[in-house]
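Remember, it's a predicted structure, so these values are computed and weren't measured experimentally. The chains referred to below are lettered A, B, ... by the order of the sequence lines, with proteins before strands, and numbering in each begins at 1.
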Amino acid sequence: MHYNPEEIEPKWREKWGKTHLYRVDNTTEKPKFYVLDMFPYPSGAGLHVGHPLGYIASDIFARYKRLKGFNVLHPMGYDAFGLPAEQYAIQTGVHPAKSTDENIHRYRQQLDQIGFSFDWSRQVKTSDPAYYKWTQWIFLKLFGHYYDLSAQKAVPITSLVNLFAEQGNAQIPAVTTQTIVFSAGEWNAMSSLEKEEVLMNYRLAYRKTGHVNWCEALGTVLANDEVKDGLSERGGHPVEKKAMMQWSLRITAYAERLLQDLETLEWSDALKAMQKNWIGRSEGAQLFFDLENTEKKIEIFTTRPDTIFGATFMVLAPEHALVKSLTHPDYQTEINAYIEYAASRSDVDRMAETKEVTGAFTGNYAIHPFSGKRIPIWIGEYVLNEYGTGAIMAVPSDDDRDHAFAQKFGLEIIPVVDKSAYPGASAHDKKGILQHSDFLDGLEVKEAIQKMIQIIEERKFGKRKVNYKLRDANFSRQRYWGEPFPIRYDQEGVPYPLAEAELPLTLPDLENFQPASGGKSPVARAEEWVNQFPGFELETDTMPGFAGSSWYFLRYMDATNPDAFVSQEAVNYWKDVDLYVGGTEHAVGHLMYARFWHKFLFDLGLVPGVEPFQKLINQGMITAYGYYAENLRFQKDGQETVFIGNAVDLDSASNNLIGYAFVGTGSPIRLAYVYDYLDAQNRLSKSQFTAYYEAKGKDFYVAGDVNKYLWATDQNGEEYLTVNVVQEKMSKSKFNVQNPDEVVDKYGADCFRMYEMFLGPIEQSKPWDTKGIDGVNRFLRKYWSLFFEGHSWSITQDVPTQEEWKVLHQTIRKVTDDIERFSFNTCISAFMMCVNELKRLECHKQAILQPLTVLLAPFAPFITEELWERMGHGSSIHLVSYPVFDAGYLVTDEVEVPVCINGKKRDVITVPANATQQEIEALAQASEAVQRHLEGKVLQKLIVVPGRMINLVVRE
RNA sequence: GCCGAAGUGGUGGAAUUGGUAGACACGCUGGACUCAAAAUCCAGUGCUAGCAAUAGUGUGCGGGUUCGAGUCCCGCCUUCGGUACCA
């Protein structure tokens, strides 16, 4: 019998599906374990080989935990709202719901093929009204709450309204953007519109006009984490700042808790650091500067209050609210021109020329709170309106940017920190002795900061303050394919939440998906839908992608519940995710929002814990080799071709590398066969390759390091192209997507699963190639062959030998330890060693092979199920118990110990396991190799590390 | 710039607490089987010298601690990821 995955895999796939083998119950005596994958966006390209990497790892772990006796929740679903489906709809007219469902269908086929143990009865789809009903419901909860600073939690907005009516807002400890103080009487006199405007400054989901990231090409605004280097993450289109009325989430209210609770999580330090940086906590002081000509004050934030005597000017962001009123009439023209200039610049422009210093003088002065000196007020784009207060005191002596500004505009520089005691310290290092600073003179920077804050508070110039880089999250998208806001506006524009009974508010059906005019969503064209509530208009923006993904893991616990987003019973049983596996690309987006929503739901008493994901593993990316040519000069059909990119693949038939060239913007043409080039010694010593350019029928000789670059020359040695090799993401637009289907078709799912694990550590990024897959394939065939003698079943009931037991239990220990530390690649090599040994021992004993098969079942579910059945079992191997390790089988009479002279290994001796220190020393010295090295030398010291090694220290 | 991760044979990688560097696999070399090929099996394979035993050398570079360093410390270099006029 030969191992034939094409036969056994479909058989079990069907059987598992029919028997609902992986269905999991919420009510059981077993301990729970929740293993979660980041659910995919179902793109048109299908799953590529990178997706399953994490899914396979988590599936192995889920299956392992199941065998260990846990009730394991291991679900899967689809993050089905999003831009690509809508962009596709704009181009083709195909409704996003339709294309999304088609893609989901394909994903499901691909996932099933690989043999994942998902409980599909719990599938979620974020674009399903039965799902997004609850996304809307949570949004309304956010809308209906504010953050109470004294209770450190979210509190219903109705209690705030009561407080306002009784005492106004002056004494209320809340996270707010409200700046105007009002009394109870003033509150009670307000119109409902005015009241709502005030409440918007408190709600956790609120509307405000702000300078947002507008992406013209996508016709929508984007959140900060959706913008990378001034370009949209999706599509790479330019992004500019635009003032718009938008929904936002007050995530900043949770900044401190999001930061503090990071400590409790088993996440990588790298990931925690990313979140910390994104939150960006900094301690300092808030300070008010009086103005010369008006009653108004400028509020600033600084982390360096000690340097205040070096503050020789102030800079406001061009968008700062006070700029207009404090500008001196004589300078109005320049200021206006500068504001216009700053507004015209996109983020990309700003980043492209960060060194250029620009700014303009307002003609007005502030009064230094300590020295009483007049200090000029400037505006400059290096001060960001969104961070801190949008205004700074500039200390050119101790801040590089302020220094550059002062130099350019000829402003005064007072050196206030003497750094002579700290050579090499840069301007922003908090080191040195204060000088020219009145009462701070002689103090160390750190002392001076503390003293200054104290004085600032005493004299009521300001107070100690903690500032965060984290901004509130923009929550509006001017797109069709997202959750509608359950909000309607009356004629005055006052927003009202829909009643719970009116949820879900479903998306209207559209035929035209082009954005509507004036930066509006296509939804605005569905007039009937917009006006379905007489006297009201519905919000036409939709929610962003992270809305549905911020709580989906809770829905899996109780996926079909029509009465609650999750029942209390279910959430109290499953609690939180024990293991979450996914890519780093969600480090600050999804993972931050999900934590925020979870804390909010915790405040409302709806979930039992404060953190959703206890342990998190980031699987590395599987990249593709990208080949980019620099100087390709060839013609095709008489036309000059443009080489815009190149993907390289292994030709499965010939095992040769194949390159593809892209001609113009059209489809790729096949460029070359690149096959192994052997040097004179017939060795592949320098990874050289020869290429043949098919389209022209001309030979090219390509050489170079395949991991870095290649170049090609023709027979005459004339250089044709230099190809730089990069590792890049797999994407449809780069023609480098490798689908798992092909691999599974050829080698089977078990082989594919094990090969992906064998590639290397799960957290590491690695390029995809199938070079080593034959090794895994051979392993599976060898393992299978242990059960057969020629064509006949050869399993015996003989009692195993000591050696056979040892091989088995060594493997049990190694594999179990390695699964626990998520080192799956070394598990595979342990299996290989085990099978190699058993093959050598010609072991066909059920007592050995049966536990080994259970051990292997999480990795290769099909082949193990098949052999399990052939061993005479009626029920599935995936429901049995994990083999128990018995250290007794590993005890040996003798151990091999290396003997080193001065740390260099010279011999390996065999000593009895129970030998004494003296006996070991004697045996070591008796060794012939040791004798030889001891000749004419003096033994100084002898170190015995029991069971490890012996080291003899020797001198001439 | 700042923060984080990494650098080991021709290749992917292993070495879990400072204790035999290169497990396991790919590739390659030689051999067996075959008319031949594939598949399979056996042997070899870090580099240098040597027929060999063996010796020297070897984990990005330069120092250090230690009986002993891929692992710890100091100073660099390179690559990747994140982030940035963040006051």
**Request:** Pull up the glycosidic torsion of B/G60 and say syn or anti, syn being anything within 90° of 0.
**Result:** anti
Between [N] and [X], is there an OP1 or OP2 to side-chain N/O distance shorter than 4.0 Å?
X	N	value
A/Gln764	B/A6	no
A/Arg781	B/U40	yes
A/His933	B/A55	yes
A/Arg401	B/A87	no
A/Asn836	B/A25	yes
A/Asn825	B/C24	no
A/Arg906	B/A55	yes

**Asked** Between the side-chain atoms of A/Lys904 and the base atoms of B/U20, is any donor-acceptor pair under 3.5 Å?
**Response** no
**Asked** When only distance counts, do a donor and an acceptor, one from the side chain of A/Arg471 and one from the base of B/C86, lie under 3.5 Å apart?
**Response** yes
Separation of [X] atom [atom1] from [N] atom [atom2], in whole Å?
X	N	atom1	atom2	result
A/His586	B/G82	NE2	C1'	15 Å
A/Asp269	B/G4	CG	C1'	9 Å
A/Ile298	B/A87	CD1	P	19 Å

Could you tell me whether [X] contacts a base, only the sugar-phosphate backbone, or nothing, with contacts defined as non-hydrogen atoms closer than 4.0 Å?
X	answer
A/Leu759	sugar-phosphate
A/Arg948	sugar-phosphate
A/Asn951	base
A/Met832	sugar-phosphate
A/Tyr468	nothing

**Prompt:** What pattern of brackets, bars and dots sums up RNA chain B from 5' to 3', given Watson-Crick or G-U wobble pairs under 3.5 Å, [ ] for crossing pairs and | for another strand?
**Reply:** (((((((..(((......[....)))((((((.......))))))((((....))))..(((((..]....))))))))))))....
**Asked** What about the rings of A/Phe405 and A/Phe313, do their centers lie closer together than 6.0 Å?
**Response** yes
With a 3.5 Å cut-off and no angle check, do the side chains of [X] and [Y] form a donor-acceptor pair?
X	Y	answer
A/Glu299	A/Gln286	yes
A/Asp402	A/Tyr382	yes
A/Thr826	A/Ser823	yes

**Item:** The single option from A/Val416, A/Ile453, A/Asp398, A/Val445 passing side-chain contact (heavy atoms from CB on, under 4.5 Å) against A/Asp306
**Value:**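 Only one of A/Val416, A/Ile453, A/Asp398, A/Val445 forms a side-chain contact (heavy atoms from CB on, under 4.5 Å) with A/Asp306, namely A/Val445.
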**Message:** Show every side-chain hydrogen bond (donor to acceptor under 3.5 Å, both in side chains) that has at least one partner inside residues 267-278 of chain A, sequence neighbours left out.
**Reply:**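 Sorted pair list: A/Gln275-A/Arg595.
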**Geometric class of the A/Tyr338/A/Tyr341 ring pair [parallel <30°, tilted 30-60°, perpendicular >60°]** = tilted
